[in-house]
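In what follows, a structure is listed as structure tokens, so that the remarks can point back to it.
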Amino acid sequence: MIQADPAPQVEGPHPLSTLRHSVAHLMASAVQKLFPEAQFGFGPSIEHGFYYDFDLPEQLTDKDLRKIEKEMRRIANRSPKIEKEVFTREEARERLRSWGQEFKIEGLDLIPEGEEISFYFHGDGEDRWGDLCEGPHVDSLSEHEFHFKLQHVAGAYWRGDEKNPMLQRIYGTAFWTKDALKEHLEWLEEVKKRDHRKLGTDLDLFSVHANAGAGFVFWHPNLGVVRRELERYWWDLHTAGGYKPVYTPHVSRESLFAVSGHLQNYGEMMYAPMELDELPYRIKPMNCPGHALIFKDRGRSYRELPLRWAELGTVYRYERSGVVHGMLRVRGFTQDDAHIFCTPDQLADEIAGVCRLVDTVLTTFGFEYKAYLATKPAEKTIGDDEIWERATESLRQAAAAVDLELELDEGGGAFYGPKIDYKIKDALGREWQNSTIQCDFNLPERFDLAYTAPDGSQMRPIMVHRAILGSLERFVGGLIEHFGGKFPFWIAPSQVAVIPIREEHADYARGVAERLESELFRVDAMLDAGHMNKKIKEAQRAQTPYMLIAGEREAEEGTVAVRRRGTREQVVVPFETFLDMIRGLRDTKSLELPEPSA
RNA sequence: GCUGCUGUAGCUCAGUGGUAGAGCACUUCCUUGGUAAGGAAGAGGUCACGGGUUCAAGUCCCGUCAGCAGCUCCA
């Protein structure tokens, strides 16, 4: 995963965000010049640039963007100053009305009473243009002091509400120097190359099919290997962590989801019922009801708790057609789900255990993450204040116990309990939620779960939902981008390519390949009569971590010429030395790809 | 779901209402090569799908499906 936009945030006379906001104004004035009927929405600076929303009589195309850029340059060439003017609310309203800017008038009404109301103007004569805006802005718009590019146009709802009309949004970016802009654009190209959808095709990892439906992922053998290694690792960790495997059906009677409440609260995300023997059945959107049924199957004692049950459970959810995205947002996916049934006293320890597990897994893949504590929402919650406070405190304690820093997400909890969410970043710098730890007071109540306490009374357990990878689809999609297709040795689809120099060396090469295979390494034995150079190229293309090239000398000495992914140099070492090295890489799940030392 | 764009060979993409194209990949033969493209020949197509306009549709129109950039919503 690309860590961050490497474009240097070159020090200009103002912060980059101020420049970008001013360029957004410049763009808006150019748009008004070209489309006098334009209505204006909002036009802020954003992480990598800026946008401005317009209501226009015609649909913009990329061609229009070039025209607008040209007009922006013409205006900027006159080095217009940007000037601020303070208005009273009534003056502002009057001005906006005279300009016929309905959206802006709505914007004016959003400004709280007592706050300063300002306009920013730039340009002279016919070019004069002003906008209701709190600023700040750069002093002047001279084209020699900054560089910009308009990137694309997209629809966006007025004030982000899908009930409102849709405006046209133009995205652009701006920097103080030409080099910084260039570097940013190159970074965007790099991001595109690492897109998991592109690599998914290039490396033969996965596919989706119009004929199967949007949002359903087909894992090809190469990615199947990655998944299987990941699952093996996951089960090893969970077995060691005291989790027991459970398996629950994909389809259940609808009444189960009425008990769990999913039908009422989550119904629009669920697939339509199917009828069997005149009863409605549903495909599961979550695994928790099944786990609750297992808990409830017999009486439970406090002596059994905590119970930790894990399932790689495949669920199906209806996602709106416009939101599906490669492997990152799909309609059928497998959660690395587990539920912990425990007493309130055990909660903090259990949470701490999960936090440790999350850290172990995310660190193994070199992910950086942030954790958020999501607390009780303002309304519509279940459970009394005391249990909320106690659970929230347990989450805090647990985090403190494992030195996990929590950012507060006030009121961001589920209606059924507080939670800790983890977020990692993808190649575009977008944050994706993967790991989550959620306390649930609701489901135990709905299913009337109980255990017998030491005093013989029936007590309600707390149920902790937790996922570490989130879903295998999203996590692996993230992994592809994180590593740019260059998987670490232990999960790489093909780990070692074996290439004889000439056909007569194929016997020695075959011996090498068979020895590797006997130790369960994944070997691409390229033993046919083709050209060595072609095989090297093919192994490079496939991102195979190591190539072993064997000719006469190697066959005589029992060595291999090792060529490491991403390099052109070879190191000749005894085959046994290489074997020892890769055993170590596999066993330690190393992220490194070292050169063997002779 | 909404706005806009796109859909031609495995991949990347040309294609002006009148015979379906290129490069790479693939197959076969030749080449026996010490670290990223040796040579020749061949095969490969429901131009996403359905309807319409037209003497004639990959090309124009409508619909459906899928993809892309966003908005909105989520693992």
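Please read all numbers here as calculations on a predicted model, not as lab measurements. Quick note on labels: first sequence line is chain A, next is B, and so on, each numbered from 1.
- Taking atom C1' on both rU16(B) and rG58(B), the two are 13 Å apart, rounded to the nearest angstrom.
- When the C1' atom is used for both rA43(B) and rC5(B), the distance is 35 Å, rounded to whole Å.
- For the pair Leu469(A) and Ala156(A), nearest-nucleotide mapping onto RNA chain B gives the more 5' position to Ala156(A).
- Spacing of P atoms, rA9(B) relative to rA20(B), comes out at 15 Å, to the nearest Å.
- Rounded to the nearest Å, the gap between the C1' atom of rC24(B) and that of rA37(B) is 10 Å.
- Between Arg197(A) and rC68(B) there is a side-chain polar atom (N or O) within less than 4.0 angstrom of OP1 or OP2.
- Here Tyr171(A) lies in heavy-atom contact (under 4.0 Å) with sugar-phosphate atoms only.
- Taking the six-membered ring for Trp and thresholds of 30 and 60 degrees, Tyr52(A) and Phe40(A) have ring planes more than 60 degrees apart, a perpendicular arrangement.
- Without hydrogens or angle criteria, Arg194(A) side chain to Glu481(A) main chain gives a donor-acceptor distance under 3.5 Å.
- Comparing rG7(B) with rC26(B), their P atoms sit 27 Å apart, to the nearest whole Å.
- The CD1 atom of Ile437(A) sits 14 Å away from the P atom of rA75(B) (whole-angstrom rounding).
- A heavy-atom distance below 4.0 Å to RNA chain B is reached by these residues of residues 198-211 of chain A, ordered by number: Thr201(A), Ala210(A).
- Between the Lys535(A) side chain and the Ile499(A) main chain, no donor and acceptor come within less than 3.5 Å of each other.
- With P as the reference atom, rA22(B) and rU6(B) are 25 Å apart, rounded to whole Å.
- The NZ-C1' distance, from Lys423(A) to rC74(B), rounds to 11 Å in whole Å.
- Side-chain atoms of Tyr266(A) and Arg317(A) include a donor-acceptor pair closer than 3.5 Å.
- Evaluation of atom-type donor-acceptor distances gives a pair under 3.5 Å for the side chain of Arg320(A) against the base of rU72(B).
- Across all non-hydrogen atoms, the minimal contact from Tyr508(A) to Val560(A) is OH-CG1, 4.4 Å.
- Rounding to whole angstrom units, CG of residue Leu328(A) and P of rC68(B) are separated by 11 Å.
- For the pairing with Phe103(A), the ring-ring contact (aromatic ring centres under 6.0 Å, His included) check across Trp158(A), Tyr157(A), Phe54(A) returns one residue only, Trp158(A).
- Base contact: Val323(A) has a heavy atom under 4.0 Å from a base atom.
- Rounded to whole Å, atom P of rC26(B) lies 10 Å from atom CG of Asp528(A).
- Here the CD atom belonging to Glu595(A) is positioned 9.0 Å from the CG atom belonging to Leu593(A), to the nearest 0.5 angstrom.
- Atom CZ of Arg159(A) is separated from atom P of rC73(B) by 13 Å (rounded to the nearest Å).
- A side-chain donor-acceptor contact under 3.5 Å links Ser207(A) and His220(A).
- Between the C1' atom of rC5(B) and the CE atom of Met166(A) lies a distance of 14 Å, rounded to the nearest Å.
- Nucleotides rG17(B) and rG52(B) place their C1' atoms 15 Å apart, quoted to the nearest Å.
- Stacking of Arg20(A) on the aromatic ring of Phe50(A) is not recorded, the 6.0 Å distance cut-off and the 45° axial limit not both being met.
- Within 6.0 Å of CG in Asp528(A) there are more than 12 heavy atoms belonging to other residues, nucleotides or ligands.
- A salt bridge links Arg320(A) to Glu162(A): one of the charged nitrogens lies within less than 4.0 Å of a carboxylate oxygen.
- Nucleic acid contact for Gly160(A): sugar-phosphate only, since backbone atoms but no base atoms lie under 4.0 Å from a heavy atom of the residue.
- Inter-residue side-chain proximity for Met269(A) and Glu319(A) is flagged as met; some heavy-atom pair is nearer than 4.5 Å.
- Residues Arg232(A) and Glu229(A) are paired through a salt bridge, judged by an N-O separation under 4.0 Å between the basic side chain and the carboxylate.
- The interatomic distance linking Glu319(A) (CD) with rC71(B) (C1') rounds to 15 Å, in whole Å.
- Contact check on Glu311(A) versus Lys284(A) returns a salt bridge, with a Lys/Arg side-chain nitrogen under 4.0 Å from an Asp/Glu carboxylate oxygen.
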Q. Pairs counted as Watson-Crick or G-U wobble with both distances under 3.5 Å: what dot-bracket string results for RNA chain B, using | for bases tied to another strand?
A. (((((((..((((....[..)))).(((((.......))))).....(((((..]....))))))))))))....
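- A donor-acceptor contact under 3.5 angstrom links the side-chain atoms of Tyr157(A) to the base of rG1(B).
- Looking at heavy-atom distances under 4.0 Å, Ala214(A) makes contact with sugar-phosphate atoms alone, never a base.
- Closest to the side chain of Arg317(A), out of rC74(B), rG70(B), rU72(B), is rC74(B).
- Checking rA75(B), rC73(B), rG4(B) against the side-chain heavy atoms of Arg474(A) singles out rA75(B) as nearest.
- Atom NE2 of His465(A) is separated from atom P of rC74(B) by 17 Å (rounded to the nearest Å).
- For the P atom pair drawn from rC60(B) and rG18(B), the interatomic distance equals 11 Å after rounding to whole Å.
- Of the candidates rU72(B), rC74(B), rG67(B), the closest approach to any side-chain atom of Arg329(A) belongs to rC74(B).
- Across all strands shown, Val330(A) has heavy atoms under 4.0 Å from base atoms, whether or not it also approaches the sugar-phosphate.
- Place Gln59(A) and Met327(A) on RNA chain B by their nearest nucleotides, and Gln59(A) ends up nearer the 5' end.
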Q | Footprint string (nucleotides 33-43 of chain B, 5' to 3'): B base within contact, S backbone only, - free, heavy atoms under 4.0 Å | A | BBBBBB-----
